[in-house]
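One structure is given here, and the rest of the page talks about it.
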Amino acid sequence: MTMTTPKGGCFGKILEIDLSKQTYKTREVPDEIYQKAIGGNGLGAYFATTEYKAHKDPLAEDAFMFIGPGPLNGTYCVSTRMSIAHMSPYTGLISHAETGAHFGNEIKWAGWDGIYIKGRSKKPVWLSIVDDKVEFKDAAKVWGKTTEETHEMIMKEMKDPYARTAVIGPAGENQVPFSCVIVERFRAAARSGTGMLMGNKKLKGLAVRGTKAVPVADNGKFMEMANYAKKLAVEKEAWQGIKRWGTAGLLEQNNYFTGSLITKNYQTTWYPDIVKIGGEEAGRKFWKRHVACNHCPVHCLKLGVIREGKYKGLIAEGPEYESGGLLGSNLGMTDLNTELAMIEACDAYGIDNISTGGVLGFATELVEKGILKPADLDGLKPKWGDGETYMELIRKICYKEGKAGKLLAKGVKKMAAQIGKGAEAYAMQVKGKELAAHDPRGDKARAYSYCLGSCGGDHHEGASTRALIIFAMLNSLSLCSFASGLLWGGENAKITVGMLNPLCGWSMKEDDYWTTGKRIMTMERVFNVREGVSRKDDGLPKRFMTEKLPAGPKKGNIFTAEDTKKMQDEFYSFVGWDEKGIPSEATLKGLGLEYLIDDVAAARKEYKS
Amino acid sequence: MEDKKKKLPELIRTETTRRGFLRGTAVAAGSAVAMATIGSLAPKSAQAQAKPPEPKKDPMKFLFAERQNCTGCRACEYACSVYHTGVVRPSVSRIHVLKYKDSIDVPVLCWHCNDAPCIAACPTTPKAIQVDPKSNGIILNEKICLGAKCLKCQEACPAQYVWANPDTGQPLICDMCGGDPECVKACSAQSGNPQGPCLMANKLGFGVNMAYRAVTPEQAGADLMFLTFYPNVGGKRITPVKTAKTKKARR
């Protein structure tokens with residue numbers, strides 16, 4: 001392969017860190033790879049498929065995590081994010097965790113296209129990256145501390161208010177498989193065990209500061225398209241609500257209209273008490289400030305202060321739709337203040353809101369059904385709306401304390417297997433990952449995201465065949481789905497290509513947008529196929545197929561086996577995978593992924609035997 | 001030492017008083033006009049005492065930040081660096097959005113003080129930084145500026161606004177984009193919903209904006225944190241966050 005340096009958008013170099021040897025070096029990446037895999041999640045998938053053999057131990061010493069912004073990060077494009085791509089120690093599949101804030105851009109401004117971390121330190125360390133200068137710093141002082149304290153300590157040592165941090169909390173250190181990385185205190189790169197991986201590497205956190213600029217091949221043309229894209233985000237009428245309410249506005253919307261607000265471990269989607277914990281109540285009682293990511297006119301994050309009760313005076317973030325759904329209606333909460341404290345506790349411990357909510361809801365239903373006894377939970381008896389017990393359980397999960405902590409920290413799938421007694425019927429997960437706060441019986445399109453997305457029951461994978469490809473691109477470009485993807489709608493390919501070509505000096509066509517998206521999805525799929533994933537795994541939990549929605553606007557709805565099959569067939573044929581959900585040889589050749597043909601053939605043999 | 005015990009609003013008042021009024025020599029134009037506005041509401045005898053200056057035909061240009069409204073999107077930094085260098089590069093932006101305790105975004109900008117401590121501190125002859133009378137922006141003469149080895153202007157700025165260019169070491173000071181500030185346009189386009197823009201230009205308000213003039217970013221952050229999250233808790237004003245020590249040099 002010819003090595004060409006990128007003309008713009010990317011620097012052509014990735015910071016490669018070896019924690020075992022405490023060394024770092026520059027890994028040169030040619031322009032062709034960026035054209036093929038873009039960045040972020042796509043580049044992570046490329047590294048995973050080229051470097052890993054099948055059945056890799058995700059916590060092996062040489063296992064990597066790739067913190068990737070995309071080519072558009074650090075440029076004039078609206079709302080750029082970052083993606084952490086790695087093999088998930090939670091699900092054993094390829095995973096990517098996206099988050100907003102400014103960290104991703106700061107990596108680009110430091111002159112890197114991403115940070116590739118491997119190895120395992122003997123002692124806890126944190127990394128300071130200031131432009132080209134990388135330092136390994138002792139983290140003994142903050143090991144065991146919450147994300148907030150760690151963040152404060154790192155900011156103090158960096159002596160630069162522009163430094164950006166990404167840290168783990170006690171949950172990550174204690175190897176809770178759904179722990180996460182907390183970026184700049186309130187944003188989480190979660191859902192895939194990023195915290196566990198970092199904890200395993202004894203890496204407490206990173207701080208990045210950059211002073212460079214991202215090169216642009218043709219600035220005039222790029223600014224033209226970037227300004228057009230920004231104009232849409234500023235002006236589009238349908239987007240004004242999210243500026244006011246954040247995603248919490250969906251709590252009411254999905255209860256009253258869409259019929260997809262999950263309630264009490266997915267038993268129903270009708271939750272009249274949403275008036276006590278929804279966006280409107282949060283606006284009245286809690287929110288104080290709107291916070292935006294890079295160059296984003298949407299500012300969907302809401303900060304507030306708890307004004308009464310036990311947690312009075314606590315500054316917290318939320319509720320967002322997912323956190324307010326999973327830790328709110330899913331647990332039958334009626335007290336907004338305690339719910340917000342639970343969300344803040346999850347952030348402070350560095351644990352995924354969504355999976356935690358899923359686990360707590362599952363445990364509560366099992367106790368309700370008599371499958372799980374309080375004796376199994378250290379005498380605690382969780383019941384719907386009992387915030388204090390949930391707070392105690394969250395703490396126990398993060399420290400894996402007692403019977404309850406050890407059990408719940410396994411996650412829903414393994415818990416169900418361990419408990420038995422029919423517990424599996426209530427385990428709401430796909431590919432080992434808890435589902436997000438959209439009930440697919442009310443909002444059928446969400447099933448695409450849960451079932452066909454590459455990393456399991458995730459809401460951030462696109463809710464239709466084409467959206468799955470768009471999201472694969474968004475996660476690789478590291479763009480926000482609110483301020484760009486969903487907003488641009490039918491113009492996604494046009495705008496993205498219109499920005500990438502002048503930025504990187506490429507000559508992509510709109511068709512190439514779809515091809516690239518399919519290539520990224522296929523790379524990830526091949527990785528998962530090697531781990532044994534096929535059509536049988538691309539389905540929803542049984543509850544959605546057997547229990548009709550008992551109340552709400554979509555009363556009586558059910559997700560049928562035909563719905564599942566239709567969805568799978570539609571998507572498989574669109575991306576060129578066969579009826580088993582395995583990419584065909586022709587597809588691999590067509591996408592320029594010849595190097596994976598042998599892997600797929602080997603996996604096929606395994607399926608037959 | 002006493003200042004430390006004082007509550008925050010008092011601290012701000014003393015800061016303003018010190019810089020704006022007690023100095024006696026150069027009264028900031030902003031304060032003067034603010035006084036004029038107050039004056040119009042006051043009885044006539046008081047007006048005569050205040051002696052408001054004639055409003056100028058070509059009003060002085062100022063930048064203001066309604067800090068409560070800042071979302072931390074950094075559109076101002078983007079616009080500033082694009083205007084000055086063509087590409088996005090916040091490290092050479094002449095406006096800064098700093099985070100305080102990662103909860104509060106604090107826009108730090110040039111107040112275009114009439115007494116301009118930065119220019120007073122500049123050791124070169126002629127001065128390397130000078131006010132452009134048309135736009136009220138501060139223009140840097142790169143040939144004369146001593147750069148990293150000097151940065152007296154950085155030390156002199158009461159708002160700790162001046163940052164150095166990482167390439168040249170020379171100060172980054174607001175030139176008002178020749179009279180039509182890009183940051184203001186970017187801000188009003190972008191953060192207008194729902195709380196209104198943060199940055200404004202060409203208007204003189206009075207009160208909080210000028211009060212912030214002599215407050216460091218950290219103090220401003222602490223104050224904003226207090227204003228945002230803990231106003232009148234239980235009928236009592238409280239100061240849950242410590243304010244930063246004010247430097248003795250600036251008293």
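Only heavy atoms go into these numbers, but all of them, side chains included; no hydrogens, no water, no symmetry mates. What you are looking at is a predicted structure, and each value in this text was computed from that prediction instead of being measured. Numbered from 1 within each chain, the chains take letters A, B, ... in sequence-line order.
Counting only N and O atoms by type, the side chains of A:T165 and A:H151 include a donor and acceptor under 3.5 Å apart. A side-chain donor-acceptor contact under 3.5 Å links A:H290 and A:K302. A donor-acceptor contact under 3.5 angstrom links the side chains of B:D175 and B:H84, judged on distance only.
Between B:R67 and B:D105 there is no salt bridge, since none of the side-chain N atoms of the basic residue sits less than 4.0 Å from a carboxylate O of the acidic one. Taking the charged nitrogens against the carboxylate oxygens, B:D102 and A:R187 have no contact shorter than 4.0 Å, which rules out a salt bridge. With respect to B:E77 and B:R94, no salt bridge is recorded, no charged nitrogen being found less than 4.0 Å from a carboxylate O. Ion pairing between A:E281 and A:R284 holds under the 4.0 Å rule for side-chain N and carboxylate O.
Atom NZ of A:K288 has more than 12 heavy atoms from other residues, nucleotides or ligands within 6.0 Å.
Residue contact with chain A, scored on non-hydrogen atoms closer than 4.5 Å, is absent for B:V92. Using a 4.5 Å cut-off between heavy atoms, A:N227 does not touch chain B at all. Only the side chain of A:F186 comes within less than 4.5 Å of a heavy atom of chain B; its backbone N, CA, C and O stay farther away. Looking at A:E308, neither its backbone nor its side chain comes within 4.5 Å of chain B, counting heavy atoms on both sides. Contact annotation for A:D131: neither backbone nor side-chain heavy atoms come within less than 4.5 Å of a heavy atom of chain B. Both the backbone and the side chain of A:T211 have a heavy atom closer than 4.5 Å to some heavy atom of chain B. For chain B, the nearby part of A:K212 is the backbone; its heavy atoms alone come within less than 4.5 Å. Both the backbone and the side chain of A:N294 come within contact range of chain B, judged by heavy atoms closer than 4.5 Å. The part of A:R209 that comes within reach of chain B is its side chain, from C-beta onward, which places non-hydrogen atoms under 4.5 angstrom from that chain. For A:E152, the part sitting under 4.5 Å from any heavy atom of chain B is the side chain, from C-beta outward, and nothing else. Heavy atoms closer than 4.5 Å to chain B are found in the side chain of A:R164, but not in its backbone. In this structure, the portion of A:V216 lying under 4.5 Å from any heavy atom of chain B is its side chain and not its backbone.
No other option in A:T75, A:V234, A:V214 has as many heavy-atom pairs under 4.5 Å with chain B as A:T75. For the set A:N219, A:L301, A:V78, the count of heavy-atom pairs under 4.5 angstrom toward chain B peaks at A:N219. Note: A:G304 leads A:S79, A:G304, A:P215 in heavy-atom pairs under 4.5 Å with chain B. Top candidate by heavy-atom pairs under 4.5 Å with chain B, chosen from A:E184, A:E148, A:R307, A:R185, is A:E184. The candidate with the highest count of non-hydrogen atom pairs below 4.5 Å against chain B, out of A:H295, A:M155, A:M223, A:K230, is A:H295. The choice from A:E235, A:H102, A:K231 that makes the most heavy-atom pairs within less than 4.5 Å of chain B is A:H102.
Aromatic ring pairs are classed by plane angle as parallel below 30°, tilted from 30° to 60° and perpendicular above 60°; the pair B:Y161 and B:H96 is tilted. Using cut-offs of 30° and 60° for the angle between ring planes, the B:Y78 and A:W109 rings count as perpendicular.
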Please report the C-alpha distance between A:K7 and A:D218 in whole Å, then the side-chain angles of each, then the deciding distance to 0.1 Å, and finally whether the salt bridge (charged side-chain N to carboxylate O under 4.0 Å, His left out) criterion is met.
CA-CA 9 Å; A:K7 288 180 197 140; A:D218 181 348; over 6 Å; no
